[in-house]
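These numbers come from a predicted model, not from an experiment. We name chains A, B, ... by the order of the sequence lines, and we start the count at 1 in each one.
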Protein chains: 2
Amino acid sequence: MGDRGNDTRDRLVDTALRLFREDGYQATTMRRIATEAGVSLGNAYYYFASKDDLVHELYLAVQREHRELARPRLRRGATLTENLRVALHTGIDVMAPYQGFGGSFLTVALPPSSPTSPFSAASAEARGQAIGLMREVVTSSRGRPSGALLDRLPTLLWLAYLGITLHWVTDSSPEQVRTRRLIDGVTPIITRLVRLARLPVGRRLVTDVGAVMDLVGAPAERVPVTR
Amino acid sequence: MGDRGNDTRDRLVDTALRLFREDGYQATTMRRIATEAGVSLGNAYYYFASKDDLVHELYLAVQREHRELARPRLRRGATLTENLRVALHTGIDVMAPYQGFGGSFLTVALPPSSPTSPFSAASAEARGQAIGLMREVVTSSRGRPSGALLDRLPTLLWLAYLGITLHWVTDSSPEQVRTRRLIDGVTPIITRLVRLARLPVGRRLVTDVGAVMDLVGAPAERVPVTR
DNA sequence: ACCTCCACTTGAACACGTTCAAGTGGAGGA
DNA sequence: TCCTCCACTTGAACGTGTTCAAGTGGAGGT
């Protein structure tokens with residue numbers, strides 16, 4: 001009992017996430033995290049290899065909350081547009097407190113060296129869950145696509161979500177309304193593209209896009225064989 | 001004459017870019033840049049506000065070389081697929097020496113705080129030139145699209161280029177063949193989508209995409225009114 | 001010849017992220 | 001009770017990016 005280790009670890013994560021929210025990335029120093037968590041500086045490094053490692057915790061927390069908040073909001077039988085809209089807006093809602101984090105989010109999240117990278121093997125599970133959420137978006141909606149696209153769509157939607165996140169990070173408009181508008185504008189277009197897949201022209205597009213995804217090794221829902 | 005200032009500045013840029021190429025971002029310290037350029041540490045900060053400012057120079061150099069290398073390679077009357085392919089591959093060629101730079105490229109290039117950000121006002125001119133290159137790709141190709149799409153396509157292609165760069169950064173495959181394959185796979189798809197714009201279905205898509213771009217304020221070729 | 005000005009240069013100093021050798025203390029066995 | 005072990009904790013120390021008060025020197029006016 002007592003669980004000295006886990007207690008300290010939890011206290012560090014809580015303190016770090018709070019400071020990240022309140023003061024952003026740069027202004028939150030490792031010394032302050034340690035002090036406010038009531039431990040020494042060196043001790044923080046016993047639990048986390050780097051400051052970026054603490055951002056990884058933030059990444060995981062955001063992801064978890066996104067999933068938990070979005071799933072019950074999906075309506076079985078609603079349009080793809082509507083369910084996708086809900087999922088994307090919920091994502092922005094969850095990330096909102098960290099907008100001040102701004103570019104530093106990417107600074108840490110994107111580089112392939114970091115385990116936070118959406119493409120790294122280390123975050124394969126988190127990525128798989130994100131794609132899984134998109135699969136739920138697809139399967140819970142009416143008018144869902146046929147075979148080939150059904151398999152590809154979750155990953156494609158996840159990529160779209162990544163792009164929207166990229167826009168959000170650089171979005172300095174009040175309340176991030178520009179990103180909100182982007183979501184509202186993009187979702188019907190995606191739905192129209194999905195419908196297009198029923199026509200011969202669309203079917204050919206699906207085939208080609210699928211081929212590229214295989215060739216490049218697009219992330220799948222489960223840990224992919226990176227070779 | 002003598003141009004003491006410009007000499008020092010040029011020497012700093014040359015040294016920094018060389019060290020970035022040879023040793024990457026992190027291993028290249030401001031102290032080493034200053035020393036190898038034959039000036040004091042403080043002097044480097046007289047010319048460049050930050051280390052990231054030197055990366056901005058790298059960004060500009062890469063952009064300039066991309067443009068200079070790609071333009072003569074475009075063939076008037078070739079297919080859009082072919083010309084776009086050339087432009088994108090040339091981009092990768094130019095960036096290749098900096099692959100080791102890896103994630104740090106984005107680290108510095110993407111955050112909206114940094115003037116290097118593709119979306120910031122500070123890099124509006126560089127961005128405009130990049131979009132301009134894509135415009136040349138479009139106008140030099142045969143079978144170029146009609147009115148509405150003709151205006152939108154350059155920016156859309158630039159966004160595609162951004163996406164491919166994003167993939168390149170995290171591409172650890174030898175010689176970045178995966179990114180090469182991505183380019184070869186994506187360009188014909190883009191061409192097919194452009195052709196689709198002639199049909200009624202496609203025309204409607206173009207209208208909708210254009211509306212979203214206006215709403216969100218997508219970067220234009222010239223400095224946009226960011227509001 | 002002297003002075004004035006200011007673009008340019010310097011190195012010390014600061015706070016930061018990170019590392020590391022040296023502890024500390026409580027659980028479990030003898 | 002004492003001993004051993006090791007998960008956990010500590011603070012000093014290193015190299016980094018960045019800032020700043022103090023110079024330096026050459027061009028141009030008198």
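- Side chain of B/K51, nearest nucleotide from C/dG17, D/dT10, D/dG17: D/dG17.
- Straight-line distance from the OH atom of A/Y45 to the C1' atom of C/dA22: 20 Å, rounded to whole Å.
- Atom CD of B/Q26 has 12 or fewer neighbouring heavy atoms from other residues, nucleotides or ligands inside a 6.0 Å radius.
- Residue A/N43 has a polar side-chain atom (N or O) positioned under 4.0 Å from OP1 or OP2 of D/dT10.
- A/M30 places its CE atom 7 Å from the P atom of C/dG17, with the value rounded to the nearest Å.
- A/Y47 has its OH atom 18 Å from the P atom of C/dT18, to the nearest Å.
- Between A/R11 and A/E36, no side-chain nitrogen of the basic residue sits less than 4.0 Å from a carboxylate oxygen of the acidic one, so the salt-bridge criterion is not met.
- As a whole-Å value, the separation of B/Y46 OH from D/dT18 P is 18 Å.
- Around the CD atom of A/E22, the shell of radius 6.0 Å holds more than 12 heavy atoms that belong to other residues, nucleotides or ligands.
- Salt bridge status for B/R180 with B/D93: present, with a side-chain N to carboxylate O gap under 4.0 Å.
- One interatomic measurement links the two molecules: CG of B/L41 to C1' of C/dC14, which rounds to 13 Å at whole-angstrom precision.
- Checking each of B/F101, B/Y59, B/Y98 against B/F20 for a ring pair (Phe, Tyr, Trp, His ring centres under 6.0 Å) leaves exactly one that passes, namely B/F101.
- Taking 4.0 angstrom as the limit, B/T8 places a side-chain polar atom (N or O) nearer than this to OP1 or OP2 of C/dT9.
- Whole-Å rounding puts the B/Q26 CD to C/dT18 C1' distance at 12 Å.
- Counting distance only, with no hydrogens placed and no angle test, the side-chain atoms of A/R31 and the base atoms of C/dG17 include a donor-acceptor pair under 3.5 Å.
- In this entry D/dG23 has C/dC8 as its Watson-Crick or G-U wobble partner, both defining distances falling under 3.5 Å.
- Nearest-nucleotide mapping onto DNA chain C: of A/T28 and A/G42, the residue sitting toward the 5' end is A/T28.
- Distance, A/I33 CD1 to C/dC16 P: 12 Å, rounded to whole Å.
- Contacts of B/T29 with the nucleic acid, taken as non-hydrogen atoms under 4.0 Å apart, involve only primed sugar atoms and P, OP1 or OP2.
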